[in-house]
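These notes concern the structure reproduced below.
Source: prediction; values computed, not measured. To find a chain, count down the sequence lines: A is the first, B the second, and so on, and within it residues start at 1.
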Amino acid sequence: MRSSRYFLPTLKETPADAQIASHRLMLRAGMIRQGAAGIYSWLPMGLKVLRKIEQIVREEQDAAGAQEVLMPTIQAADLWVESGRYDDYGDEMLRIEDRHGRKMLYGPTNEEMITDIFRKEIKSYRDLPKNLYHIQWKFRDERRPRFGVMRGREFLMKDAYSFDLTAEDGQKSYNAMFVAYLRTFARLGLKAIPMRADTGPIGGDLSHEFIVLAETGESEVFFDKAFDGLDPMVEAAAGADLQPIVDEWTSHYAATDEIHDADNCPVDAGNLITGRGIEVGHIFFFGEKYSKPMNATVQGPDGDTVPVQMGSYGVGVSRLVGAIIEACHDENGIVWPEAVAPFKVGLMNLRAKDEECTAACDKLYQQLTAAGIEVLYDDTDTGAGAKFANMDLIGLPYQLAVGPRGLKNGVVEVKDRKSGEKLELTPEEAIAKLTA
RNA sequence: CGGGGAGUAGCGCAGUCUGGUAGCGCACUACACUGGGGGUGUAGGGGUCGCAGGUUCAAAUCCUGUCUCUCCGACCA
């Protein structure tokens, strides 16, 4: 993509409303623009990152045996009356009426709807287990939206729902999601710690929050050093027993500051790590909480009709964009992990008016693009300093700077955004390095 | 929801107390210079001062109402 054609409105100055790093940087890097409190438009580069995160989440859900569906954003209130949550949910639910005066709502989550879909079709234990998920916009009318997309009112969420005959089977479904989450966050370039959690309004007995570590995270977290030794990229054969893995990850101490009690902490100070984190995922097993009131039942092998055992599993996809930036930035801007970077390489023509320089850049752009590398090519006729600053701000993993000075000696400069390491290479070497 | 703060050009702000031709920096347009870390100059364009009432010869400024945004706190993917 050429910068001269790309819609990438970066800002030199920081908008006054943005307090935290990710919000500031997303606005400055031209990723989002605010529509109303907690509601944002996603501009091309922001959307590109959002889609990449979404895709990784999707791949791991699919790999874990979940199947993608897509439920609507607008739901009829009836189902919520049936589950008893229409009154319980309170002002966080955006309630609307259609032209016929029918009560509707913009979905804050989808337990009721998925349960309704399930109960209408599934009648036998032979059809279990099932895990259905979707990635859809949700709306929760937060009292105080803040931190940009980290706590917006409208947000993109992956939510999966598992259905099993027994609680034991439900635990297996839970474990599959647990492992999928470990892998998902690791692939996104994050360090995530599962923590035992309150179940809140979703309800249920078994629940873990996944907290990604970021120095500027919203809450303080405490966890056993032992987590550092665990490998989140769990490889497990289909149908394998995941319980030992889950046990290992849940056997070590981890708690947010709300729960942590320094005086009674089971981990001695030498092994306790204190950090800050952001909640990006939350998984629940809640058994019959919705299946019972909503009559989502199947016939078991013995002929008895029983409520199905359910769990739900959320990932804050849009929040992850902010969380990744919180975990990956420096004073100059964003430092994207390669897996979610909007482009891998930022190619800078340092002297757009110089024909040789432009020819060299055009060629590099063509070669890299042909090799399947996503390149943002700054072909504009602006000062070199502005280009470097802008590239640092948007945080592409590699910068490829091409100017007359280097070309005279047959070299271009490749900079690693994260380490800051700069290499002078021939164009051929640069291509080889960037396509490796 | 409790307590603060703010709405003036795309962004950041001054002007409001003490009413009198709406300003500054950045960004933008044109031209020239410059050219490896947000460069320089000259000349420009852009604002019903959040909205609605009121007071006044005259309102960004005073009064009333209203909307929105935002910060801290309590709650959440």
Side-chain angles (χ1 to χ4, degrees), chain A residues 9-20 23-24 27-28 30 33-39 53 57 89-93 107-110 135-160 181 197-202 207-212 218-219 256 258 278-284 312-323 332-333 348-354 357 378 380-393 399-409 411-413 415 420 422 424:
Chain A
T10 56
L11 303 171
K12 199 156 140 185
E13 292 178 87
T14 302
D17 291 345
Q19 289 299 305
I20 62 162
H23 190 195
R24 278 201 309 269
L27 289 167
R28 287 194 55 210
R33 286 295 182 261
Q34 180 165 326
I39 300 176
I53 294 170
V57 170
Y89 221 93
D91 291 337
E92 299 232 322
M93 181 184 281
T109 179
N110 287 67
I135 299 173
Q136 178 62 292
W137 293 92
K138 307 287 193 293
F139 195 93
R140 291 183 195 169
D141 201 357
E142 296 274 347
R143 289 196 196 104
R144 180 148 101 86
R146 62 183 126 175
F147 304 150
V149 300
M150 297 256 288
R151 180 128 172 231
R153 291 193 290 175
E154 188 183 49
F155 56 97
L156 187 62
M157 180 173 166
K158 184 285 298 182
D159 40 327
Y181 277 34
D198 283 338
T199 51
I202 311 277
S207 175
H208 287 92
E209 287 180 358
F210 285 76
I211 308 275
V212 304
E218 54 185 342
S219 53
T256 60
E258 298 150 354
I278 301 159
E279 184 186 347
V280 292
H282 204 155
I283 60 178
F284 305 85
S312 78
Y313 315 89
V315 171
V317 176
S318 50
R319 168 179 279 194
L320 271 166
V321 180
N332 295 320
M348 286 174 277
N349 183 347
L350 300 181
R351 191 82 62 85
K353 277 184 178 156
D354 182 301
C357 188
D378 190 343
T380 59
D381 181 29
T382 49
K387 290 187 179 177
F388 282 114
N390 210 48
M391 279 299 173
D392 281 349
L393 172 63
Q399 295 173 11
L400 177 53
V402 180
R405 207 155 86 191
L407 287 177
K408 213 182 320 178
N409 301 317
V411 296
V412 297
E413 182 186 282
K415 176 175 136 181
K422 296 173 185 172
E424 298 228 308

Original post:
Which part of the nucleic acid does A:T14 contact within heavy-atom distance under 4.0 Å: base, sugar-phosphate only, or nothing?
Top reply: sugar-phosphate

Original post:
Got a donor-acceptor contact below 3.5 angstrom from the A:K158 side chain to the A:V317 backbone?
Top reply: no

Original post:
Is there a donor on the side chain of A:R28 or the base of B:G38 sitting less than 3.5 Å from an acceptor on the other?
Top reply: yes

**OP:** Check the distance between B:G10's P and A:E13's CD and give it to me in whole angstrom.
**Re:** 14 Å

Original post:
Considering only B:C71, B:C69, B:A27, which nucleotide approaches the side chain of A:A36 most closely?
Top reply: B:C69

Subject >> Closest-nucleotide 5' rank along RNA chain B - winner of A:Q399 and A:P15 >> reply: A:P15

Original post:
Side chain of A:R146, backbone of A:Q19: donor and acceptor closer than 3.5 Å?
Top reply: no

Original post:
With a non-hydrogen cut-off below 4.0 angstrom, is A:V317 in contact with a base, only sugar-phosphate, or nothing?
Top reply: nothing

Subject >> Span that lies between the P atom of B:G19 and that of B:C75, in whole angstrom >> reply: 48 Å

Original post:
If you check every side-chain atom of A:A401, which of B:A27, B:G36, B:A77 has the closest atom?
Top reply: B:G36

Original post:
Atom CZ of A:F147 and atom P of B:U70: how far apart are they, to the nearest Å?
Top reply: 12 Å

Original post:
What is the distance, rounded to the nearest whole Å, between atom CZ of A:R405 and atom P of B:G36?
Top reply: 6 Å

Original post:
Base, sugar-phosphate, or nothing for A:E92, non-hydrogen atoms under 4.0 angstrom?
Top reply: nothing

Original post:
When we call it a touch if two heavy atoms are under 4.0 Å apart, what does A:A384 touch: a base, just sugar-phosphate, or nothing?
Top reply: sugar-phosphate

**OP:** With a 3.5 angstrom cut-off on both distances, give the Watson-Crick or G-U wobble partner of B:C1, or none if there isn't one.
**Re:** B:G73

Original post:
Sub-3.5 Å donor-acceptor pair from the side chain of A:S207 to the main-chain atoms of A:I283, do we have one?
Top reply: yes

Subject >> Whether A:R28 side chain and A:L11 backbone form a donor-acceptor pair below 3.5 Å >> reply: yes

Subject >> Interatomic distance where CG belongs to A:L393 and P belongs to B:C11 [whole Å] >> reply: 17 Å

Original post:
In terms of side-chain heavy atoms of A:M157, which of B:C69, B:C72, B:A77 is nearest?
Top reply: B:A77

**OP:** Flag as yes if A:F155 stacks onto the base of B:A77 (centroids under 5.5 Å, planes under 30°), otherwise no.
**Re:** yes

Original post:
So, does the side chain of A:R151 form a donor-acceptor pair with the base of B:C75 at under 3.5 Å?
Top reply: yes

Subject >> N or O in side chain of A:Q34 less than 4.0 angstrom from B:U70 OP1/OP2 >> reply: yes

**OP:** Quickly work out the A:D17 CG to B:C69 P distance and round it to whole Å.
**Re:** 10 Å

Original post:
For A:K353, which contact category applies under a 4.0 Å heavy-atom criterion: base, sugar-phosphate, or nothing?
Top reply: base

**OP:** Could you tell me the separation between the CG atom of A:N390 and the P atom of B:G39, rounded to a whole number of Å?
**Re:** 12 Å

**OP:** Please work out if A:G403 contacts a base, only the sugar-phosphate, or nothing of the nucleic acid, heavy-atom cut-off 4.0 Å.
**Re:** base

Original post:
Among B:C69, B:G38, B:C75, which is the nearest nucleotide to the side chain of A:R146?
Top reply: B:C75

Original post:
To the nearest angstrom, how far is A:R144 atom CZ from B:G3 atom P?
Top reply: 15 Å

**OP:** Would you mind telling me which of B:G36, B:A77, B:G38 lies closest to the side-chain atoms of A:R351?
**Re:** B:G36

Original post:
Roughly, in whole Å, what's the span from CG in A:D381 to C1' in B:G38?
Top reply: 15 Å

Original post:
Do any N or O atoms from the side chain of A:Y313 and from the backbone of A:Y181 form a donor-acceptor pair under 3.5 angstrom?
Top reply: no

**OP:** Using a 4.0 Å heavy-atom cut-off across all strands, classify A:G90 as base, sugar-phosphate, or nothing.
**Re:** nothing

Original post:
Counting side-chain heavy atoms from C-beta on, which of B:C13, B:C69, B:C75 comes nearest to A:A16?
Top reply: B:C13

